[in-house]
Amino acid sequence: MRLRCSGLQVAFPSSNGSVLALRDLSFDSREGEFLTFVGPSGCGKTTLLRVLAGLLAPDSGQCE
């Protein structure tokens, strides 16, 4: 399987305005490539996985 994301942006509303979970995220994977997403708590890893699974639509950008 091959993944391609370009310009992904996801924001969530909060009491202080919106919080940007993903901003202008782009990457390409190759067939059979193993990807790992690493980062601190709250950096958008789960949000990205939800977008990739089709459970969450990005505010802008696309994923194939």
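The model shown is predicted, which means the values in this text are computed figures rather than measured ones.
- For residues 49-64, no residue pair satisfies the salt bridge (charged side-chain N to carboxylate O under 4.0 Å, His left out) rule, not counting sequence neighbours.
- The hydrophobic cluster containing Phe37 does not contain Leu20, counting ILVMFWY residues as joined when their side-chain heavy atoms lie under 4.5 angstrom apart, directly or transitively.
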- prompt: Where do Cys5 and Leu25 land on the side-chain contact (heavy atoms from CB on, under 4.5 Å) test, with the steps shown first?
  reply: CA-CA 7 Å; Cys5 292; Leu25 176 67; 5.6 Å; no
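- Closest heavy-atom contact between Thr47 and Leu22: CG2-CD1, 3.9 Å.
- Looking at Ser18 and Pro13, their side chains never come closer than 4.5 Å, going by heavy atoms from C-beta outward.
- In terms of heavy atoms, Pro58 sits closest to Val10 at CA-CG2, 3.8 Å.
- Residues forming a side-chain hydrogen bond (donor to acceptor under 3.5 Å, both in side chains) with Asp28 (at least two apart in sequence, or on another chain): Arg4.
- No side-chain heavy atom of Asp24 sits less than 4.5 Å from a side-chain heavy atom of Leu8.
- Not a single side-chain contact (heavy atoms from CB on, under 4.5 Å) links Ser41 to another residue, sequence neighbours left out.
- Both Leu35 and Leu48 are assigned to one and the same hydrophobic cluster, defined by single-linkage of ILVMFWY side chains at heavy-atom distances under 4.5 Å.
- Of the possible donor and acceptor atoms, none in the side chain of Ser6 sits under 3.5 Å from a partner among the backbone N and O of Ser26.
- No donor-acceptor pair closer than 3.5 Å links the side chain of Lys45 to the backbone N or O of Val38.
- Distance alone, capped at 3.5 Å, is enough to place a donor-acceptor pair between the Ser29 side chain and the Leu3 backbone.
- Taking each heavy atom of Ser14 and Gly17 in turn, the nearest pair found is OG-O, 2.5 Å.
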